[in-house]
Protein chains: 2
Amino acid sequence: MTDRVRVLLADDEHLIRGALAALLALEDDLTVVAEAASGPEALAMAAAHRPDVAVLDLQMPGLDGLEVAAELRHRLPDCRVMIVTGHGRPGYLKRALEVGVRGFLPKTVSASDLAGIIRTVRAGGRYVDPELAAEAISAGDSPLTPRETDVLELAADGSSIAEIADRASLSQGTVRNYLSSAAGKLGAENRHAAVRIAREHGWL
Amino acid sequence: MTDRVRVLLADDEHLIRGALAALLALEDDLTVVAEAASGPEALAMAAAHRPDVAVLDLQMPGLDGLEVAAELRHRLPDCRVMIVTGHGRPGYLKRALEVGVRGFLPKTVSASDLAGIIRTVRAGGRYVDPELAAEAISAGDSPLTPRETDVLELAADGSSIAEIADRASLSQGTVRNYLSSAAGKLGAENRHAAVRIAREHGWL
DNA sequence: GGCCGCCGATGACATTTGTCACCGCCGACC
DNA sequence: GGTCGGCGGTGACAAATGTCATCGGCGGCC
């Protein structure tokens, strides 16, 4: 605790990242040792600067925050990871916790809160935004099997059954069965509504 | 020009807004006179503080940035309006210019750029991010008729034809005709892909 | 007046999609 | 060994959707 907390900031929005860096610099026990604008860059900066805490935006080009978090967990097990998200769907929270993320918060928190949470996480604590946690709990687990999720994901851009079958290397009948099953489980009228519902719950 | 530029900041993400306010406060010719976290609040703050420049986030609860911009134009014609957007689709740019917005930029700009652009806008100039402008030009105008757009919008959540017809008070056949026509114009295989394409172009 | 495009509708038709039953093959679990 | 669930598939049928031609009404434009 005598040392300053070494922080890595990763966010593709320069404006936010710069502003955040400036704000955190005002805290005299925090130091922003590196910034990154993309997932791969975040990994590279982390390897080079070995921060104590990595603050990652969920949406980034290249690798998203969760993928970076998963990588960091293996490459730098001592580095605590926090995810900051703009308008986060709750499903990500569960996945984040599974890859060892110790802080998960929306961008609606204040800067002083952020600084406090960084200290908490650095000290080995965890922090999850209460509202996001509540949503995640009420959303629950996905009722879909892995394969159903795969196929539904391929359906997400409005493709026809034929295209989905092609991309998944499945027969059209099988694709229709999976989609029908998924739509049934989600209470949707068709696969497109099912995609929307799954997205809203963060299951996609 | 002898006075400091009075700025209103509106963004629903506290973290960003606070950080931005702190950064802009470092510029000695700028003053953040008000902050807002939602569209209606932005209007109220604008009326109360009469800023020279309003910096609005595109996505906000209540009223989005464009709606606020349109209102401000009538209520405070002297107030210049800038829109800042996270991952902006180009279609908004055109609409923004139509409601008198004088600055349109992504959050990937740097803070010093932002300050400069605020000064430019305050002085009566305009600024549009080159990349967004290029996308908007390449995207062009929507080929859809107003009614086609309406119906496509109702189809956006995956509803069935029957539901759309009901909500639009049209016959199912008419709905199918509009959707078929829209899909044809957009080069889509079905209405769901058409929705996606229209969204990507900001036509929805 | 004539032309054209948008709006709303109808009817017919082909295609796509959803639904269901049923099959075999695994692998896990009891 | 038996049971169960996920995976992949087939076939058949009904329902939803896409496509096309055609109609009348309206308003703008030349």
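Below, chain A is the first sequence line, B the second, and so on; all start at residue 1. The basis for the numbers below is simple: all heavy atoms, side chains too, and nothing from hydrogens, waters or symmetry mates.
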### Query
Do B:Leu66 and B:Leu58 have side chains that get closer than 4.5 Å, going by heavy atoms?
yes

### Task
Kindly indicate whether the side chain of B:Leu152, heavy atoms from C-beta on, has any atom under 4.5 Å from the side chain of B:Trp203.
no

### Task
Write down the atom of A:Arg191, the atom of A:Leu179, and the distance for their closest heavy-atom approach.
CD-CD1, 3.5 Å

### Summary
Separation of D:dC26 atom P from B:Arg147 atom CZ, nearest Å, is 17 Å

### Query
In terms of side-chain heavy atoms, does A:Thr31 have a donor or acceptor partner in A:Arg4 at a distance below 3.5 Å?
yes

### Task
Answer yes if the side chains of A:Asp113 and A:Ser110 hold a donor-acceptor pair under 3.5 Å, and no otherwise.
yes

### Query
Which ones in residues 164-193 of chain B lie close to DNA chain C, meaning a heavy atom under 4.0 Å from one of its atoms?
B:Leu170, B:Ser171, B:Gly173, B:Thr174, B:Arg176, B:Asn177, B:Tyr178

